[in-house]
Amino acid sequence: MPTREPARPHGRHTPVRVKARRSAGDVLAGIGSLIVLVALVGGVPYALLTFVGPPIAPELLDLDLLTSRVGPSTIVAVLVLLVWLAWFQMFACVLVEVYAGVRRVGMPARVPLSGGTQALANKLVGAVLLLFTAGAMVVPLAKLAPTPPATPVTAVAYSAPIVEKTALETQKTKKVYVVQPPHGRHHESLWEIAEKCLGDGRRYPEIYRLNQAKEQPDGTRLRMADLIRPGWVLDMPDDARNVHIVPVDQPREQTLREHPGRAATSQDAGRHADERTGRAEKKVEAKHRQPEQQEQRRPDQPQATIRESQSADLTDYLATASLAAAGLLLVLARRRREQLWRRVFGRRIVRPRDDAAQAEVALRLGGDAPGARILDIGLRLLGAELAAQNRTPPTVYGAHLSARTLDLWIHPPDGDAPAPWTAQDGGQVWRLPAHEGRLLEEQAGGAPYPGLVSIGTDASGRVLIDLEAAQGLINVRGPQTTAALAALAVELATNRWSDRMRITLVGFGEELTAIAPDRIRAVGGLAEVLPELEAVATPRREVLTGRITGSPREAHYLLSAVAPTHEEARRLALLARRDTAGYVLAGEVPHATWTLEIDDDGRARIAELGFDVQAQLLPRRHYQALIDLFRTASRVDGEAVTEAEPLAGLHPPVVEVRMLGPIQVTGLRPLEEGRLALAAELLVYLATHPGGVHPSVLGGVLWPRGVQDMVRDATIARVAEWLGREHLLTDEAGRLSLGPDVRTDWALFRELVRRSHGDPTARAVLLEKALGLVRGPLLSGRQPGRYAWLAAEDLEYDVAAEVADAAHQLCELRLAHGQPDAAVAAVRAALLLAVDDEGLWRDLLRATHATEDTVRLRAVVEGLTRRAASHPYGGGMAPETEALIEELLPTWRIHVVRESSA
């Protein structure tokens with residue numbers, strides 16, 4: 001099994017080591033560069049002045065030049081001018097590079113139109129400066145004593161040369177940067193900080209490595225390069241600009257007090273960040289009154305307490321487990337669809353609350369559905385192409401998924417990767433570019449690598465291992481072993497890139513059957529399952545070939561939180577060598593093929609593969625929140641819809657926020673596209689919370705990962721200016737609310753339905769007007785990651801139930817008055833929004849049947865059947881719906897078979 005370092009995504013610059021002391025070759029190179037510089041800066045102008053004259057010859061000063069014939073002397077004069085201009089450009093480049101090197105500003109300024117010239121000047125000046133730096137360090141010390149080897153200084157190949165500091169300087173001070181969100185964005189990224197402070201965004205991995213796993217003032221740690229928070233204090237490379245110089249041992253809290261720009265993170269009325277202390281309401285009030293008094297970590301606070309405090313933020317773990325989050329959301333949506341099968345008139349499906357609701361918010365924030373799709377389709381296409389070539393799939397021991405590529409690390413190397421995959425690193429890596437993966441169509445082929453599962457993230461993406469590729473036991477060690485096993489189990493049970501799978505959990509995870517009862521079983525000890533595993537073991541080659549040729553066997557993975565006995569370990573080791581399965585065991589397991597070490601800081605390392613990542617974990621509280629979420633999604637009893645506030649009148653509003661379809665705000669001047677989405681979300685939240693919302697709560701809703709107070713306040717002020725101060729009100733407690741002349745189409749819908757109940761003569765007309773407001777799915781067209789707060793609100797659940805109920809009432813009224821076409825129109829209007837409500841489909845079947853048009857009824861049945869068969873959430877159709885179709889169109893199955901045969 002190979003033990004190479006994971007391949008880096010293309011386009012990244014690999015760090016190189018710059019030696020602290022210079023060799024004789026370095027000195028000669030510096031002397032040579034000095035001679036060349038002197039010749040270019042002084043020798044070239046001397047030669048030009050001596051042999052060809054000044055930059056502008058007299059011929060070029062003659063105004064008749066533009067109208068007279070050009071002679072040889074004029075051409076020579078133009079050529080001389082061009083040579084002088086080239087020298088001036090070189091001279092400017094040398095000046096810029098010397099300034100950058102002496103002042104240590106890092107990436108020098110760019111001289112226009114001088115790419116190659118400045119690159120040459122960079123190399124020459126860098127060699128000369130480093131020559132003088134080395135000399136200054138060596139000469140005084142050579143007479144005293146041998147100098148101990150200096151610690152190598154890490155530089156980046158494309159950066160400007162770095163002039164090394166003395167050891168004394170390094171010990172005294174360091175450079176830090178306080179993270180602040182740029183105007184109109186959630187927060188800065190490491191790329192933006194590298195661009196501003198280092199002159200090149202591509203140097204962001206240097207900042208990531210300097211700060212990885214270091215505790216920040218808010219008690220959290222940097223785990224992913226694209227997840228930084230305002231108010232964090234980042235250590236910076238020595239050549240950074242636009243930074244603070246502080247004592248090297250200064251606490252980060254003190255840095256924030258001394259330097260402006262601290263960002264106060266507000267998270268949904270304190271439910272996210274403030275849950276760490278268990279005093280959410282008090283903290284929100286205290287934060288509003290005295291931001292400077294927010295609780296900080298004490299130097300003597302135990303590390304265990306710090307870790308428990310960090311685990312309280314559900315977003316920290318669930319939102320960063322992007323592939324697991326995508327799979328969990330898919331399974332959750334399937335459960336919700338099944339709940340809708342059994343929803344009764346006048347009630348909505350049960351929604352999650354407390355931690356369960358916040359868990360779903362985190363899943364919506366972090367779910368990487370596009371990445372999961374690329375993994376699924378890309379791997380199935382790979383298997384299909386290999387099957388067509390009669391090739392056995394290679395062993396994939398790991399994978400790396402980033403925003404740019406999907407890389408598979410294979411063994412043995414194979415340079416013949418089937419298109420659109422390409423071979424990299426001598427065939428050790430098969431790569432699928434993300435832009436190619438997004439264009440792939442759904443594949444019907446088998447899943448060749450169902451055992452691929454995330455172990456964590458590195459600076460550029462997500463790292464996965466294939467549990468089957470170990471062909472032996474995988475040992476998990478460390479204080480967070482069960483949290484790691486739970487994370488593996490959840491992602492395995494819900495991933496898209498597998499078909500038939502069975503996961504056996506030993507000593508933990510019995511509650512996980514609430515998430516995937518068809519895949520997961522839990523047992524108390526290894527002795528219960530060993531005989532069965534030994535009886536069904538299957539050779540690897542046979543299983544891999546079967547998966548891509550259409551005769552797959554069930555994949556099986558065993559995850560044990562119970563350490564095996566010596567005999568159990570021996571039997572499992574023998575079994576793993578001849579079986580295509582994955583065996584992950586806690587405790588001390590001798591002779592394990594791979595060992596996954598997880599330390600106190602959550603770093604996961606597999607030395608045999610060279611993997612070192614931030615571990616994907618599912619701590620106990622987060623685990624329980626997921627269990628509660630899925631148990632709620634399994635309830636079929638339903639709950640009452642929230643009461644609507646009556647409107648004073650039905651007159652047209654000055655400003656209308658339309659939610660029952662694509663998001664629209666009417667009655668206001670156009671707003672820039674980049675700001676409209678955030679402003680519209682702010683209005684939607686205020687409109688659905690008429691009691692008022694404090695700005696700190698609003699900040700936590702719109703920026704779930706945190707935002708600086710000044711950015712939040714600037715956004716609110718901008719929306720107030722756009723909306724009109726008379727329409728955005730503030731009460732004595734500072735809470736924001738919308739004025740009476742701002743209304744949503746949802747509020748109008750509820751008022752029309754409410755009035756229909758008290759006016760039997762106008763009931764049908766009012767319901768028809770209400771359904772006429774529906775234009776599509778609720779808040780359709782919203783950007784990914786926005787409106788995650790809906791998971792913890794009543795809005796989604798109420799809207800779907802009330803729209804479906806209004807259509808049902810109108811359908812019944814129209815059918816009672818012998819108007820089946822109008823009944824069909826009512827139901828179809830509601831299906832634009834509540835398309836998964838099976839009761840609506842049954843209403844459509846009954847209304848269409850009432851038209852006595854068999855062809856039309858058959859078209860509805862066929863459409864419903866095709867939709868159920870290809871539904872993204874799966875599950876077919878409700879038994880009640882099938883029974884109704886049997887009653888209304890007894891021959892429907894014959895037509896369905898004919899359609900599928902055709």
Side-chain angles (χ1 to χ4, degrees), residues 1-3 395-398 411 450-453 455-456 464-493 501-510 512 519-543 553-599 603-611 615-618:
M1 182 58 57
T3 60
T395 296
V396 172
Y397 64 89
H411 180 75
L452 276 173
V453 64
I455 59 168
L464 302 90
I465 62 170
D466 189 348
L467 302 183
E468 298 176 0
Q471 300 182 40
L473 304 182
I474 302 173
N475 186 202
V476 182
R477 298 178 183 173
Q480 303 185 69
T481 296
T482 304
L485 290 172
L488 292 176
V490 166
E491 185 171 310
L492 283 171
M501 180 188 293
R502 180 164 48 97
I503 305 168
T504 300
L505 308 180
V506 182
F508 80 106
E510 184 177 357
L512 289 177
R519 287 192 168 191
I520 293 178
R521 65 166 175 169
V523 298
L526 289 167
E528 296 180 45
V529 294
L530 262 174
E532 175 190 341
L533 297 179
E534 291 168 334
V536 298
T538 308
R540 178 173 183 78
R541 182 181 181 88
E542 178 183 332
V543 170
R553 295 180 63 89
E554 184 178 65
H556 180 235
Y557 306 103
L558 181 140
L559 310 178
S560 176
V562 177
T565 64
H566 179 77
E567 175 61 17
E568 288 170 342
R570 184 190 68 81
R571 291 171 63 184
L572 283 168
L574 292 174
L575 178 62
R577 292 193 184 100
R578 60 186 177 89
D579 183 27
T580 303
Y583 301 92
V584 185
L585 309 172
E588 296 294 326
V589 180
H591 310 301
T593 304
W594 299 342
T595 298
L596 177 61
E597 293 274 2
I598 303 175
D599 63 20
R603 297 295 301 179
R605 298 174 179 85
I606 302 181
E608 296 85 355
L609 303 179
F611 292 169
Q616 180 167 297
L617 304 171
L618 189 61

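Heavy atoms only: backbone and side chains are in, while hydrogens, waters and symmetry mates are out.
Taking the side chain as every heavy atom from C-beta outward, Tyr557 and Leu488 never approach each other to under 4.5 Å. With contacts defined as side-chain heavy-atom distances shorter than 4.5 Å, the pair Leu492/Leu467 qualifies. For the pair Gln471 and Thr593, the minimum side-chain heavy-atom distance is 4.5 Å or more. Within the 4.5 Å cutoff, the side chain of Leu452 has heavy atoms near those of the Asp466 side chain. The shortest distance between side-chain heavy atoms of Arg519 and Glu554 does not fall below 4.5 Å.
Checking side-chain atoms of Asn475 against main-chain N and O of Gly587 turns up a donor-acceptor pair under 3.5 Å. The main-chain N or O of Asp599 is never found under 3.5 Å from a side-chain atom of Arg605 such that the two would form a donor-acceptor pair. Side chain of Glu608 to backbone of Thr595: a donor-acceptor contact under 3.5 angstrom is found. In terms of modelled atom types and a separation under 3.5 Å, the side chain of Glu532 and the main chain of Val529 share no donor-acceptor contact.
Distance check: Thr504 OG1 to Tyr583 OH gives 9.5 Å after rounding to the nearest 0.5 Å. Interatomic distance, CG of Leu485 versus CZ of Phe508, reported as 4.5 Å (0.5 Å rounding).
Counting heavy atoms of neighbouring residues, nucleotides and ligands inside a 6.0 Å radius, atom CD of Glu510 does not exceed 12 of them.
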